[in-house]
Amino acid sequence: MTAFRYTAVTLLVATSFCAHAAPLVSPDRQIEVDVAVSPGGAMTYAVTRAGQAVILRSALGLEVEGADLTRGLTLATSSPVTRIDDQYELATAKRRHITYAANEQTHTVRNAQGQAMDVTFRVSNDGVAFRYRVRGKGLRFIREVTAFAFDPSSKAWLQPMSVAQTGWKNTNPAYEEHYQREIAVGTPSTLGAGWVFPALFRTGQTWIALTEANMDGTFHASRLHTDSAGGVYRLAPPAAPEVFTNGALLAESDGDLLSPWRIITVGSLRTLVESTLGTDLAAPAVAFDKAKILPGHASWSWALLKDDGTYLPFQKQFVDYAADMGWDYTLVDADWDRKIGLDKLRELVTYAGAKKVGILVWYNSSGAWNQTEYSPKGALLTQETRRREFARLAAMGVKGVKIDFFAGDGKSMIAYYVDILADAAAAGLLVNVHGATLPRGWSRTYPNLMTAEAVKGFEFTSFEQKDQDAMPAHAAMLPFARNLFDPMDYTPMVFGDIPNIRRATRNGFELAESVLFLSGIQHFAECPEGMAGVPAYVKALLRDLPRSWDDVRFIDGYPGRYAVIARRSGNAWYVAGINADGAARTVELDLSFLAGRSGTLIGDGEVDHDNERVFNQQPIKAGKTSISIKPHGGFVAVFK
């Protein structure tokens with residue numbers, strides 16, 4: 001249940017005669033936002049942390065059809081500062097019970113024609129958020145001048161946006177590129193289509209993550225513009241092809257036009273990793289039966305067997321595998337309607353149910369926006385057919401759907417996502433979206449959204465050696481960027497061989513992904529044959545691995561190099577670490593918060609000739625200790 005409390009706070013505010021509002025500060029008074037309207041009529045803001053500049057003075061403003069609210073502006077009013085207190089529960093995130101506190105203020109500006117725009121700011125101890133509201137009817141978005149200006153000495157860790165209508169079967173964009181790491185701000189996007197959210201920056205000793213949240217289907221999703229000369233990053237709209245067939249590209253609304261929250265997470269690297277701003281600013285949850293919010297672990301044949309595994313005998317084997325591992329689901333992937341069929345799917349659901357394993361099934365979202373042929377295809381395009389399909393699945397006992405191959409970030413495509421999530425919620429089905437956009441907080445609004453791809457995940461490392469070789473550094477980026485706020489279906493963990501690929505990681509690295517990566521349903525890539533070769537203590541860990549987490553603590557790390565994060569479930573803490581470098585790394589672990597507990601660490605054993613896949617198990621005590629992580633290695637330590 002979500003609760004809000006709005007109470008007045010006595011702070012200085014601007015009057016209608018001022019062009020400069022009093023700064024809005026965070027509850028701990030460390031972060032400050034300064035909003036102003038220049039003599040020339042441009043609305044701007046700046047952000048500081050502990051008196052140091054974080055976001056330099058940057059532009060604000062929207063233009064809608066018939067109203068330019070980017071220039072010639074005057075500050076009409078600034079509201080009293082209000083305290084926001086919010087509490088909510090989330091089963092698919094880094095923390096189950098979440099509290100959010102911020103100070104809020106709304107500034108109203110008018111152009112020379114008297115047309116108005118509200119800009120609402122919220123400042124919390126971990127960052128800043130703002131959004132626009134233009135009041136009226138039948139409003140259509142034209143452009144946005146929102147910018148984020150960084151000191152030119154700042155560094156960035158950014159993923160290029162892929163070019164629409166490129167890639168396999170014209171399925172881009174899908175947030176499936178490698179990150180450009182520690183580049184100078186102002187570096188143009190390598191693909192010329194912008195940079196995706198979340199976008200990570202460091203200025204001085206402060207880290208910043210930019211993203212957005214609260215996408216309700218009336219607004220398009222944004223990205224950072226390709227060109228950022230001088231370290232000034234501007235919001236950019238999606239490309240023309242990123243739409244539902246014949247649908248709208250840019251925001252439009254029957255009533256007020258309300259933008260998503262633009263989010264600036266600010267602080268130490270620990271602050272970012274432990275922050276929940278990406279869901280704090282999302283809309284509260286729609287109605288959904290709490291008993292059906294069932295995060296879990298899944299077996300999945302397609303990861304290693306590809307299309308050859310989508311047959312009933314294989315799927316029964318993977319159900320047996322899930323049952324043996326104590327996992328909750330088996331995912332049946334593309335073309336099940338042709339290779340298995342509806343009647344045999346019912347048989348599989350019954351077979352799995354007897355073993356307490358739920359069945360998830362794949363769908364192709366697409367209409368005319370790409371050239372994919374995998375099926376079922378076209379069954380979700382209208383509300384009538386979608387609701388009929390979902391009702392049929394729910395009636396036979398299917399637990400959820402994986403839906404693939406969306407077209408991008410246009411307003412009509414965002415509305416398609418929202419409609420799918422709402423209709424699946426009404427049917428009691430869990431959802432996993434692939435070939436998809438960043439969820440931007442949807443897992444809070446739609447508790448049935450278990451996970452989303454929007455990442456260059458494991459499957460790419462099974463196609464080409466170059467992606468496998470790049471994987472360690474890529475994986476070490478994800479806790480600091482893509483997986484910072486939203487669940488991520490990377491489909492991790494292989495201990496055996498990958499057909500035609502030389503694995504780049506040790507087994508400890510693979511095991512650590514099961515804890516480091518957050519996903520409401522974690523689809524494990526390993527197959528029964530690969531799992532059969534691991535020690536019993538590794539299987540025991542994976543059988544007992546929590547389905548969701550109650551708390552998080554950042555231990556150590558650096559984006560693209562290494563990451564050590566602790567997660568709590570009940571009274572048990574799991575500490576996981578990976579080293580993406582080609583040399584061993586010694587990490588100092590401060591585990592004093594575990595109050596003298598003893599635990600067990602599973603990591604990489606000594607290399608036996610050319611065998612880099614040997615596990616090792618050893619005791620570990622809480623407190624301050626150091627651990628050596630092998631090249632491309634990792635570990636999981638469990639304290640119960």
Side-chain angles (χ1 to χ4, degrees), residues 137-138 140 171 174 214-221 238 241-255 257-258 260 282-289 292-293 334 336-337 342 345 359-370 372-437 439-453:
K137 293 183 178 181
R140 297 171 62 88
T171 52
N214 201 28
M215 309 292 296
D216 65 0
T218 63
F219 220 92
H220 55 271
E242 297 179 45
V243 294
F244 192 92
T245 305
N246 299 320
L249 175 66
L250 301 179
E252 54 186 32
S253 179
D254 293 335
L257 187 67
L258 184 65
V286 302
F288 190 75
D289 184 354
K292 294 183 177 180
I293 304 174
W336 62 265
D337 58 327
L342 202 60
L345 179 64
I359 293 296
L360 312 169
V361 294
W362 186 96
Y363 276 79
N364 189 338
S365 80
S366 61
W369 51 80
N370 60 48
T372 58
E373 297 176 353
Y374 282 123
S375 67
K377 179 173 180 174
L380 308 182
L381 292 174
T382 70
Q383 187 174 73
E384 179 183 3
T385 59
R386 184 166 59 243
R387 288 182 172 178
R388 184 169 62 242
E389 197 75 10
F390 287 168
R392 180 170 64 172
L393 294 175
M396 74 169 68
V398 169
K399 301 302 182 184
V401 289
K402 172 183 174 180
I403 306 173
D404 212 337
F405 301 137
F406 292 85
D409 288 335
K411 181 264 179 190
S412 56
M413 189 54 56
I414 297 298
Y416 184 38
Y417 282 106
V418 169
D419 291 344
I420 285 173
L421 290 168
D423 288 340
L429 293 175
L430 306 178
V431 177
N432 168 13
V433 289
H434 265 234
T437 191
R440 294 170 168 82
W442 274 332
S443 58
R444 178 186 177 185
T445 308
Y446 299 96
N448 58 319
L449 178 63
M450 290 290 103
T451 191
E453 188 181 30

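All values below were derived from every heavy atom in this structure, side-chain atoms included, with hydrogens, water molecules and symmetry-related copies excluded. This one's a predicted model, so the numbers in the text were calculated from it and none came from an experiment. Quick note: residue numbers are just sequence positions, from 1.
Put simply, the side chain of L250 does not reach to within 4.5 Å of the side chain of F219, judged on heavy atoms. Contact annotation: the side chain of T218 never approaches that of D254 to less than 4.5 Å [non-hydrogen atoms, C-beta and beyond].
Taking all atoms of both residues into account, the shortest heavy-atom contact from E389 to Y363 is OE2-OH, 2.7 Å. Residues T445 and A282 approach most closely at OG1-CB, 4.0 Å, considering heavy atoms.
N448 places no side-chain N or O within donor-acceptor distance of the main-chain N or O of V431, the cut-off being under 3.5 Å. Judged by distance alone, with hydrogens and angles left aside, the side-chain atoms of T382 form a donor-acceptor pair with the main-chain N or O of T385 at under 3.5 Å.
To the nearest 0.5 Å, atoms CZ (R392) and CG (L342) are separated by 4.5 Å. To the nearest 0.5 Å, atom CD of residue E453 and atom OG1 of residue T451 are 9.0 Å apart. The CG atom of L429 lies 10.5 Å from the CG atom of D423; values are rounded to the nearest 0.5 Å. Distance check, rounded to the nearest 0.5 Å: CG of N370 to CG of N364 gives 6.5 Å. How far CG of N432 is from CE of M450: 10.0 Å, rounded to the nearest 0.5 Å. Taken to the nearest 0.5 Å, the CZ atom of R444 stands 9.0 Å off from the CG atom of N214.
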Give every donor-acceptor pair under 3.5 Å between a side-chain atom in residues 397-408 and any protein atom, sequence neighbours left out.
| residue | atom | partner | partner atom | Å |
| --- | --- | --- | --- | --- |
| K402 | NZ | D333 | OD2 | 3.0 |
| D404 | OD1 | G435 | N | 3.3 |
| D404 | OD2 | W362 | NE1 | 3.2 |

For residues 414-421, which side-chain donor-acceptor pairs fall under 3.5 Å, sequence neighbours excluded?
| residue | atom | partner | partner atom | Å |
| --- | --- | --- | --- | --- |
| Y416 | OH | S365 | O | 2.9 |
| Y416 | OH | L380 | O | 3.4 |
| Y417 | OH | T437 | N | 2.9 |

